[in-house]
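The structure under discussion appears below in the form of structure tokens.
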Amino acid sequence: MPMIARVAVNDATIHFDKLYSYRVPPELEAQLWPGGIVLVPFGRGDAPRMAVVLETGSEDEPSPKLKSVLAAAPEDARLTPDLLELVRFLKDRYFCTWYEAVKAVIPYGAQYRPGVKDGRPVVQSRLTRPVEQVYELAAPLPEKPKPGPRQKMAADLLQAAGTLTRRELEEQGVAKTTLDALCKKGVLRVSERYKSLDLFASIPFDPQPVELSAEQQAAYDQLAADLAAGSPRAALLYGVTGSGKTSVFVKLIERTLELGRRALVLVPEIGLTPQMIRRLKSMFGSRLAVQHSALNNTERLLQWRMIQRGDADIVVGTRSAVFAPLQNIGLIILDEEQEHTYQSESAPRYSAHEVARKRAAAENALLVFASATPRTETTFAAQSGRIRMVTLKNRYGGRPLPGVEFADMRAELASGNPREVSARLAEELAENLRRGEQSILLLNRRGYNTVAMCTDCGEVLKCPNCSVPLVYHKNRAALLCHHCGHTVHPAPALCPACGGKLAYSGFGTQRVEEELQQLLPTARILRMDQDSTTQKNAHEQMLARFARQEYDILLGTQMVAKGLDFEKVTLVGVLGIDSMLFGQGFRAYESVFSLITQVVGRGGRADLPGRALIQTAVPGHPVLQLAARQDYAAFYKEEIAFRKLCLYPPYCSFCVVGFIGAQDGAVFTAAHRFGQLLAQQAAAHPGLPLRILGPAPMNIAMLGGKYRYKLTLKCRNDAKFRALMRAALDAYAAEKLPAKATVTLDFNSDGDI
């Protein structure tokens, strides 16, 4: 019987995303499996389009109108059954298309594209050389004709090494022409293999025994029992900053490997991966792979292949590493689990927390959430008994938490100080310089000045494509949009609306760096933000230089607030926190408490005591006071009461339905109609908890020239609710409304989008 493949095609909209059936030609039947990547003709013009096979089967008499699969990718491009199950999970849970789910699961470098070879369509890798040539001796070097010195060198090198790659031989001075000649003579044998890449060969394998304190040992014992249980378990490892959570991780990973299983470790920022990698690589050696966006496509593919082949026992990475093709997982760790970067902001808009739970359940693994400032929802789950709570109350070695004081910026202004760096902070920084100690300054804004405003008409220069002010970047002498990249160069001095003089106000990391250079001319300042870390490996190199004490002050955005451990840092300063404190979204207080707690915890982590100074116009604010005391228990008590009163998570789920289109009125109308359709569908299910708020403009009402509105739904995110949303989307599509506004669903937003 003819073989039929049901496939999900690339570039389908959510309203027309379904499985399409194709006939499989006999010559391709042995190459097609569920999870395989194929090329199919699609649409009226039969243009070749990439697709993934979700199902295969056979039919007695398939429709003669069925089109045939054009080509198939190699078997190693196939999604394994567990990854294919994750694709189905993403599709069902986050309302993405099938192929968007596939793209999330496999890295860009491992994806394929249409191609042509000998006039026939083929599936080809996006990378031109995922393989390398490997040489070995096949026969002795003949005496006649007399071999040249390069041929003799090649034979000697291979005699000693067994096998060498072409690159390794070329580095020794053996050219490709020499290798080709020896292959032609039958002296050498050449084969191809997937490139292997040890990204961290410079880190020595130097395992040291991990000594745990009594408190750490007690925490480890509880978690190790869950690890060995052979059933899905989850726990929150709550520990104050500097309590030694990473040492507990290392012991858990060690135990996981002893049990013959593998470990997945997630961190929220690329900047945190170098320290985690260094710790684990030195402890466990080369069977460690990495997955994050700072790798180029070739590196990411080769690391993915390494994991796929079973050559990695430990995977470390950022959010996307939760999809690593790791088999036999025994342990999953989400470090700094409170961070918003674990939530994807583009389709599929997934939560790494939820995907990790899915994987842990499938693998009977232990899932550990770790933080000094856990999400309110995670703590609620622990206190409700749904997951285990494990606590580290003390800093390792009995070191005290840094003392925290406040600099009142209202008083600074009244005393005639117009700078962003308070007089008190300048004094503390100067004192640290005299002592030869280091300082970290956190500022939650990059750039030089925040906005340009006309002194005559009050006009603020905004991006023409987005409803946000342009930001001045002094190093480029330009105004930039931080959303779409629109640039005005050079930055104007006069208002384009009335010709009045523009005043540049606000501040950013570049401006604070300039102030510091004026206040402390001998200080060596390292600025670390999105602008200064664009080059490859910039995070690792900068942090390594700071660790070597080549700089006195590390000034940065949120990337300097978490997970970093420098023994000479004794002073931490926090600038610009008030803009977060009064920000939109129900997580504003949680974010401020977490950020201050985390960055204050960077100080005093070795023998030298630490201190912190927070600059604010509201030093008496309860959240700032609680963060200064590092009193998470008191903060949680206040926050959970607020969440219950206002019906926010964990007492409900949020779903933000976004509407985006070219015409303002049409987008609003489409959003309003969707709300009506959803209400009509919900009326048939009177017991279903649902509140519909809006429509209202998104936080950024226009982006990239498109208008944006949202409906905010308070709901219970279960199968019944998702079925209701599908019915509403179908009704929306039936009324041809997608032509007016495309729809996005986000189950992980706090409403501030």
Side-chain angles (χ1 to χ4, degrees), residues 73-77 107-113 115 117-118 122-205 274 277-278 281-282 285-312 534-538 540-541 544:
E75 182 179 3
D76 53 24
Y108 183 84
Q111 294 170 22
Y112 285 75
R113 62 183 178 186
K117 184 177 182 180
D118 301 327
V122 295
V123 177
Q124 63 186 30
S125 171
R126 288 188 180 274
L127 299 180
T128 55
R129 294 210 52 186
V131 296
E132 60 187 348
Q133 291 180 313
V134 182
Y135 293 86
E136 60 182 329
L137 281 173
L141 192 65
E143 295 182 4
K144 294 184 180 180
K146 185 178 180 181
R150 297 293 180 191
Q151 292 186 344
K152 190 172 186 311
M153 178 194 293
D156 290 344
L157 288 169
L158 288 166
Q159 181 73 46
T163 61
L164 289 170
T165 65
R166 177 178 148 189
R167 180 179 56 81
E168 290 168 336
L169 287 161
E170 287 177 340
E171 287 174 351
Q172 296 288 334
V174 181
K176 182 177 182 298
T177 52
T178 301
L179 297 172
D180 290 345
L182 290 173
C183 288
K184 193 172 182 180
K185 289 181 179 181
V187 175
L188 300 187
R189 182 185 302 115
V190 64
S191 59
E192 288 189 338
R193 72 180 183 197
Y194 277 109
K195 291 179 181 177
S196 60
L197 184 65
D198 187 350
L199 294 173
F200 311 102
S202 61
I203 301 174
F205 176 55
I277 290 165
R278 183 167 294 278
K281 181 74 188 294
S282 63
S286 61
R287 290 181 65 85
L288 177 143
V290 177
Q291 291 280 277
H292 59 67
S293 59
L295 304 179
N296 63 39
N297 288 332
T298 301
E299 290 170 338
R300 208 179 307 182
L301 172 62
L302 295 176
Q303 291 285 289
W304 196 76
R305 299 277 195 219
M306 175 186 175
I307 303 165
Q308 188 186 45
R309 291 194 307 266
D311 293 338
T534 54
Q535 293 186 349
K536 185 175 173 59
N537 298 327
E540 183 173 6
Q541 292 166 6

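Scope of the values below: all heavy atoms of this structure, side chains included, with no hydrogens, waters or symmetry mates. For this chain, numbers begin at 1 and follow the sequence in order. Just so it is clear, the model here is predicted, and its values are computed rather than measured.
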List the residues meeting salt bridge (charged side-chain N to carboxylate O under 4.0 Å, His left out) with K185, not counting sequence neighbours, and say none if there are none.
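Once residues adjacent in sequence are excluded, K185 has no partner under the salt bridge (charged side-chain N to carboxylate O under 4.0 Å, His left out) criterion.
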
Check the pair D180, K176 against salt bridge (charged side-chain N to carboxylate O under 4.0 Å, His left out), reporting the backbone distance first and the verdict last.
CA-CA 6 Å; D180 290 345; K176 182 177 182 298; 2.8 Å; yes

Pairwise distance [atom1]([X]) to [atom2]([Y]) - rounded to 0.5 angstrom:
X: M306; Y: R309; atom1: CE; atom2: CZ; value: 8.0 Å
X: Q172; Y: R150; atom1: CD; atom2: CZ; value: 10.5 Å
X: C183; Y: Y135; atom1: SG; atom2: OH; value: 5.0 Å
X: L301; Y: Q308; atom1: CG; atom2: CD; value: 9.0 Å
X: L169; Y: L182; atom1: CG; atom2: CG; value: 10.0 Å

Considering non-hydrogen atoms only, spot the tightest contact between [X] and [Y] and give its length.
X: P147; Y: P142; result: CD-O, 3.5 Å
X: G186; Y: A138; result: O-CB, 3.5 Å
X: I307; Y: A289; result: CG1-CB, 3.5 Å
X: A181; Y: Q151; result: CB-NE2, 4.0 Å
X: S282; Y: F205; result: O-CD1, 3.5 Å

Partner of L158 under side-chain contact (heavy atoms from CB on, under 4.5 Å), chosen from V174, L164, L141
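With L158 as partner, side-chain contact (heavy atoms from CB on, under 4.5 Å) holds for just one option, L164.
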
Under 4.5 Å between any side-chain heavy atoms of K281 and P204, yes or no?
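They are not in contact (no side-chain heavy atoms under 4.5 Å apart), so the answer is no.
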
For atom CD of E143, is the number of surrounding heavy atoms from other residues, nucleotides or ligands below 6.0 Å larger than 12?
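No, CD of E143 has 12 or fewer neighbouring heavy atoms, counting only those of other groups under 6.0 Å.
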
Taking atom CD of Q159 as the centre, report whether more than 12 heavy atoms of other residues, nucleotides or ligands fall under 6.0 Å from it.
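Counting neighbours around CD of Q159, 12 or fewer heavy atoms of other residues, nucleotides or ligands fall under 6.0 Å, so no.
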
Check: Q303 side chain, V290 main-chain N or O, donor-acceptor pair, under 3.5 Å
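It does hold such a pair.
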
Taking G310's backbone N and O only, do any of them form a donor-acceptor pair with R287's side chain (distance below 3.5 Å, no angle check)?
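Yes; at least one donor-acceptor contact below 3.5 Å.
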
Charged N-O contact under 4.0 Å between D156 and K152
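Looking at D156 and K152, the cut-off is met.
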
Pair R166, L179 - check side chain to side chain contact (heavy atoms under 4.5 Å, CB included), show working.
CA-CA 8 Å; R166 177 178 148 189; L179 297 172; 4.2 Å; yes

Partners meeting side-chain hydrogen bond (donor to acceptor under 3.5 Å, both in side chains) with T165 (sequence neighbours left out)
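Listed in chain order: E168.
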
